[in-house]
Amino acid sequence: MTTTVGIPAGWPATEERARAVQDELREKVVLDEPGPPPGTGHVTGVDVAYDDDRDVVAAAAVVLDAATLRVVAEATAVGRVSFPYVPGLLAFREIPTVLAALGALPCPPGTVVCDGYGLAHPRRFGLASHLGVLTGLPTIGVAKNPFTFTYDDPDTPRGSSSPLLAGPDEVGRALRTRDGVKPVFVSVGHRTTLADACAHTLALTPAHRLPETTRRADALCRRALREATGP
DNA sequence: GCGACAG
DNA sequence: ATCTTGTCGC
């Protein structure tokens, strides 16, 4: 079942307002709380696909059993695009539809894995942090690109990592999930530690560079977009 | 001022 | 994110 959502009342309409919201909500992030142990309970991937021409966005949430990586539940939602893509303001584009998809799940999501950043953000409040504060759930961010941050290439073996740096600050880790393949960029969202975020990411990447959660969610939200949009 | 820039 | 064919490799 796919639920339909509109743009939330009071949703920021300007970049200035959106940045102010981030500065306000940032204080509610909980860092360094030991989250659910990696490899146990539920892990949920969320992702979003767009058709900007038709002003349509589709989100998916896929719940996996953390031990077996089998799909336990899934849900989708479609809506109108709520914000343009602006680096640093991605959350305002993705969150309304993602919240609807999460809300449509028949079971608790456990830790939520986001496609993007958490703490590693110009104002230290990326998508994963934002989603965590709004839902109260433990969240982590796993991104495919280093954004504006710097890092040294991790050693070749899977599991190797190096600091992801914003100047002198470590805001995440560049984590190798497959031998010799470009690393992913992991950062803390809400109610987890960086060590746990990396452990979750490794547990979710037995065969591919990207976590099974985001692979499943990516495939599902694309399908939901097709079905909502047609040919 | 110019370029870079999660998805 | 999205536009897009074939191709190399497990």
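Per chain, numbering begins at 1; letters A, B, ... match sequence-line order.
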Sugar-phosphate, base or nothing in reach of A/Ala120, heavy atoms under 4.0 Å: nothing

Derivation and outcome, salt bridge (charged side-chain N to carboxylate O under 4.0 Å, His left out), residues A/Asp55 and A/Arg80: CA-CA 6 Å; A/Asp55 191 40; A/Arg80 297 307 193 84; 3.2 Å; yes

Sugar-phosphate, base or nothing in reach of A/Gly141, heavy atoms under 4.0 Å: nothing

Separation of C/dC10 C1' from A/Arg209 CZ (nearest whole Å): 18 Å

Candidate pair A/Val81 and A/Arg93, rule side chain to side chain contact (heavy atoms under 4.5 Å, CB included), full reasoning: CA-CA 7 Å; A/Val81 175; A/Arg93 187 168 166 77; 3.4 Å; yes

Value in whole Å for how far the C1' atom of C/dA1 lies from NZ of A/Lys144: 9 Å

A/Thr214 side-chain N/O to A/Leu210 backbone N/O, donor-acceptor pair under 3.5 Å: no

Sugar-phosphate, base or nothing in reach of A/Tyr50, heavy atoms under 4.0 Å: sugar-phosphate

A/Arg124 CZ - B/dA6 P separation (whole Å): 16 Å

Selection from C/dT2, B/dA6, C/dA1 that lies nearest to any side-chain heavy atom of A/Leu127: B/dA6

Separation of B/dG7 C1' from A/Phe83 CZ (nearest whole Å): 14 Å

Phosphate OP1/OP2 of B/dC5: any A/Asn145 side-chain N/O under 4.0 Å: no

Spacing between A/Ile95 atom CD1 and B/dA6 atom P, to the nearest angstrom: 17 Å

Sugar-phosphate, base or nothing in reach of A/Leu89, heavy atoms under 4.0 Å: base

Over-ring placement of A/Arg17 relative to A/Phe92, 6.0 Å and 45° cut-offs: no

Rounded interatomic separation in angstrom, taking CZ from A/Arg93 and C1' from C/dA1: 7 Å

Interatomic distance, A/Asp51 CG vs C/dA1 C1' [rounded to whole Å]: 11 Å

Distance in Å, A/His130 NE2 paired with A/Ile95 CD1, rounded so as to fall on 0.5 Å steps: 4.0 Å

Phosphate OP1/OP2 of C/dA1 contacted by A/Arg222 side-chain N/O (<4.0 Å): yes

Gap between atoms CG and C1', on A/Asp218 and C/dT2 respectively (whole Å): 12 Å

